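Structure record follows, encoded as structure tokens.
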Amino acid sequence: MPGVSMTVNGKAVTGEVEARTLLVHFLRENLRLTGTHVGCDTSQCGACVVHLNGKAVKSCTLLALQAEGSQVTTIKGLAKNGHLHPVQAAFKEHHGLQCGFCTPGMIMTAVDMIRRIPDLDETIIRQQLEGNLCRCTGYQNIVKAIHAASLEMKGARA
Amino acid sequence: MTAPLVGASVRRKEDFRFITGQGHYTDDISRPGQAYAYFLRSPHAHAKIKHIDAGAARAIKGVAAILTGADLAADKIGGLICGWMIHSKDGSPMKAGAHPALAVDRVRYVGDHIAIVIADTLAIARDAAEKIEVDYELLSAVTTPDKAQASGVAQLHNEAPRNTAFQWELGNKPETEAAFKAAAHKVKLKLKNNRLIPNAMEPRAAIGEYDQGSGGYTLYVTSQNPHVARLVMSAFIGIAPEHKLRVVAPDVGGGFGSKIFIYAEEVVCTWAAKKVGRPVKWTAERSESFLSDAHGRDHVTEAEMALDAEGKILGFRVKTLANMGAYLSTFASSVPTYLYGTLLSGQYAIPAIHVEVDAVYTNTAPVDAYRGAGRPEATYVVERVVEEAARQLKIDPAEIRRRNFVRKFPHQTPVIMNYDIGDYEASLNAALKLIDYKEWPARKAEAKKRGKLRGIGFSTYIEACGLAPSAAVGSLGAGVGLWESAEVRVTPTGQVEVFTGAHSHGQGHETTFAQLVAGRFGIPLENVEIIHGDTNSVQFGMGTYGSRTSVGMTAIVKALDKVEAKAKRIAAHVLEASAADIVLENGEFKVAGTDRKLAFHELALNAYTGHKFPTHEIEPGLKESAFWDPLNFTFPAGCHICEVEIDPETGVTKIAAFVAVDDFGNVINPMIVEGQVHGGIAQGIGQAMLEHGVYDPESGQLITGSYMDYTMPRADDLPNYKVGLTVTPCPSNPLGMKGCGEAGAIASPPAVINAITDALGVKEFEMPATPLRVWQAIQARH
């Protein structure tokens, strides 16, 4: 089996995978980073979103081998030194999660969205969530959480 | 004194692990030496299995076993069951077709289970499944309920002539007929309640494990009710006696009913673990979830209402065809009967009601409870017809409802239910205010100027939750009691562990249940741990469905009562006072009127040391349990109003406003309750505008088998909801609560469709309101 190496949540990792192994399965099965979830088989639901070299990607839509040499951040690498990322904190504060299954992907998408778009409003956030499904919340509190986090992060930068 | 915990929007204790990716869902569990399972499923809607050749598949390196229905039968493993007996109107018991966990000689829907392939990796298992050769003799299929009872169509089960599982009725037919004779107005509608596919975001999963040393099995499974799963797998399916079967439902990623049921995959994985001598793990792919999770709804109904000249409802008659799919799933028979017919009185004082339901088999996935389960179907029928009555009689839709509201409680309906309390006018008025009904004509006119069709639709719903008094449901055919259990253990150092038979899969029990306990004992929230979902640690419990958390929480209250009573007796000895003089205030046991007191943790330590009280009179330790059987159903009710705006050029429909005012009785955590309402409305709007489980009528193939074909509501499909609460405390439980999990999904579909039919000026309209259907309806008007 081919070998693969990358940096995941700041740590250098290597592994042997079948060529057909998806990045999400490498993360979940080989590295036991089970915070990244699989909710569908057609790249629609976004539960598997991670950051690849700083950009949000669906880790079910990449082969592990395509991530060779990359920097990968998963939900487990988002909190730094025991401090929640502002987006994580906002999801809790605004009740942006219920069962928690879509949450890792939602949060990783939201962090990337806030990085890319300086002035988020409700309409833009809803459009930007096109690739993430949630069955519990009806999205209202997710949108609220992302908006609140974006304002807080902008305030922190100012 | 700190602010009371009960009634506060406390942020959730469980969130930390979920937002940091540290939840423990079934698929996150990996057992040493585990093998992976893949299920070979039927590609045909209906076929005889003539022969299965798995020789080539078994020869693949890494394949541990391939097992079929013949292997299950050889081990005398029973089939799946339906646990609610319904009797037809002629008195005969329902005709439940045999439901083997792996098909024996026939497959009855696309996705039906044929074999389990177990291998070292999932990839090998899938490769091997492709090498299995099944020789089928194709049979014709019947996929829609309206065709199922016709002569000459495919027959699914020898036990069920004309594909009919039962023909049920409720209410009084002669009285209803008489009401129609006396009526000034009759209002008739044909309605379809579209098939839905539940789609909890976590796909179903199961890991079966067998320990040769103890002879015990463990099943990790995505379940809303692990004890019920154990009971059924033990008593009916025969996997192992209950004490040799541990069922663990860890973090579960949403259920909405679909994870109540005992499915083939978990049964087969558990059984197979012993056969292969390794843990066997299966996780559904989403496409398997679409095919094999129990679906919801799928009713075809004709309803007719009799009214007097002033719009008072005199009688209501309803005929429904309910599609049960290919087999009766675990609680399927209760859904179109006692969870449906009993709610057909709505919020209204209707003197006479009669409902007839034919439940039929088709070559489609089994249909069972999905968020609301029967109550959304009933509400859709009642609220669509009442709205149509308002239009036909030219009465304002709010006014016709006012004229018919139940106003005296308790109120006995003609369809079993005894409404205990409510104030329907209050929620209607609050909703009218929230949507600014006075300005409605101006909004409609303004939309017209912009070339848009604006409509408004009402839904004043009622549902029955708090399932349910055991004797009552037993008399109606339930195979189980519907009480709940709780055990409260105080540790020697003063923390509290609560073991609950309820299961949390998004509802936030770890927070709301802890609020109860921490509020009662005046201890920090973080000193309370809620433990659920493991039959090895929790005493028998019934699980979570049907918005029945009021039952589980009352069980906790009853256990807390016992703990407090015992603690006071102990405190009396330690403080050398009479037990009657001990009061619990702010986490301290005090002798009333003195400064003698014990902090909660001091009392706990005293209970376990046993030094200062007579242990022959009062047992050491501080731990109590309770089983609570509810006294009545609870009756959440409220008013949802929807406004839509339609672009007549394209048929694209936007929800311009959606308000919901609900009466859930007392509320423990308003933030969580509001979240439940949001989610329920989203699923209801999904049903009304987006979602539809569709089978090809000829081939029986599921056309909507992925997220590319089945329209899940996305963030930009949905509006912001304005929600409000009114409160009439429920008299049948000490917390005064009613339940809130399903209301949104129950109330919202008729509100949306009433708004769309108002905008279009049409009488009948089928869900979901896709742009194509709306556009076609516009064209048909001209």
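Keep in mind that this is a model prediction, so the values were computed, not measured. So you know, we letter chains A, B, ... as the sequences are listed, proteins then strands, and number each from 1.
B:Gln676 and A:Gln98 form a side-chain donor-acceptor contact under 3.5 Å, judged by distance and modelled atom types alone. Checking A:Gln44 against B:Arg714 by side-chain atom types alone, a donor-acceptor pair falls below 3.5 Å. Side chain to side chain, B:Asn720 and A:Glu122 meet the donor-acceptor criterion of an N or O pair below 3.5 Å.
If you measure heavy-atom distances from A:Thr103 to chain B, the contacts under 4.5 Å come from the side chain alone. Only the side chain of A:Leu84 comes within less than 4.5 Å of a heavy atom of chain B; its backbone N, CA, C and O stay farther away. When heavy atoms are compared at a cutoff of 4.5 Å, B:Val252 approaches chain A solely by way of its backbone atoms N, CA, C and O. For B:Tyr721, the parts lying near chain A are the backbone and the side chain together; criterion is any non-hydrogen pair under 4.5 Å. Using a 4.5 Å cut-off between heavy atoms, B:Asp27 contacts chain A through both its backbone and its side chain.
Of the inter-residue distances, the one linking A:Glu29 atom CD with B:Leu122 atom CG reads 8.5 Å to the nearest 0.5 angstrom. To the nearest 0.5 Å, atom CE of residue B:Met712 and atom SG of residue A:Cys134 are 8.5 Å apart.
Comparing B:Ile672, B:Ile681, B:Asp251 by heavy-atom pairs within less than 4.5 Å of chain A, the highest count is held by B:Ile672. If you tally non-hydrogen atom pairs under 4.5 Å between each of B:Met201, B:Glu14, B:Gln683, B:Gln22 and chain A, the highest count goes to B:Met201. Ranked by non-hydrogen atom pairs under 4.5 Å with chain B, the options A:Val143, A:Asn132, A:Leu97, A:Val87 are led by A:Leu97. Put simply, of A:Lys144, A:His95, A:Lys76, A:Gln127, the one with the most heavy-atom pairs under 4.5 Å next to chain B is A:His95. Contacts with chain A were tallied for B:Gly679, B:Ala715, B:Ala284; B:Ala715 has the most, counting heavy-atom pairs under 4.5 Å. With respect to chain B, the highest number of heavy-atom pairs below 4.5 Å among A:Glu18, A:Arg28, A:Met106, A:His94 belongs to A:Arg28. Among the candidates B:Glu285, B:Glu288, B:Gln507, the residue making the largest number of heavy-atom pairs closer than 4.5 Å to chain A is B:Glu285. Note on A:Cys99, A:Gly35, A:Gly138, A:Cys136: by heavy-atom pairs under 4.5 Å with chain B, the leading option is A:Cys99. Your options are B:Met671, B:Arg12, B:His505, and the one with the most heavy-atom pairs under 4.5 Å with chain A is B:Arg12. Ranked by heavy-atom pairs under 4.5 Å with chain A, the list B:Ser706, B:Pro713, B:Ser504 is led by B:Pro713.
Using a 4.0 Å cut-off between a side-chain N of Lys or Arg and a carboxylate O of Asp or Glu, B:Asp127 and A:Arg20 qualify as a salt bridge.
Of the possible donor and acceptor atoms, one in the side chain of B:Tyr25 sits under 3.5 Å from a partner among the backbone N and O of A:Gly100. Judged by distance alone, with hydrogens and angles left aside, the side-chain atoms of A:Arg32 form a donor-acceptor pair with the main-chain N or O of B:Asp28 at under 3.5 Å. Between the side chain of A:Arg135 and the backbone N or O of B:Ala200 there is no donor-acceptor pair closer than 3.5 Å. Judged by distance alone, with hydrogens and angles left aside, the side-chain atoms of A:Gln140 form no donor-acceptor pair with the main-chain N or O of B:His678 at under 3.5 Å. Formation of a donor-acceptor pair under 3.5 Å by the A:Asp41 side chain with backbone atoms of B:Ser287 is found in this model.
The shortest distance between side-chain heavy atoms of A:Phe101 and B:Pro203 falls below 4.5 Å. Residues B:Met708 and A:Thr42 are in side-chain contact: their nearest non-hydrogen atoms beyond the backbone lie under 4.5 Å apart. By the 4.5 Å heavy-atom criterion applied to side chains, A:Leu129 and B:Asp716 are not counted as neighbours. Between A:Phe91 and B:Asp15 there is no side-chain heavy-atom pair separated by less than 4.5 Å.
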Would you check, one step at a time, whether the test side chain to side chain contact (heavy atoms under 4.5 Å, CB included) holds for A:Gln88 with B:Thr20? CA-CA 7 Å; A:Gln88 289 173 309; B:Thr20 53; 3.9 Å; yes

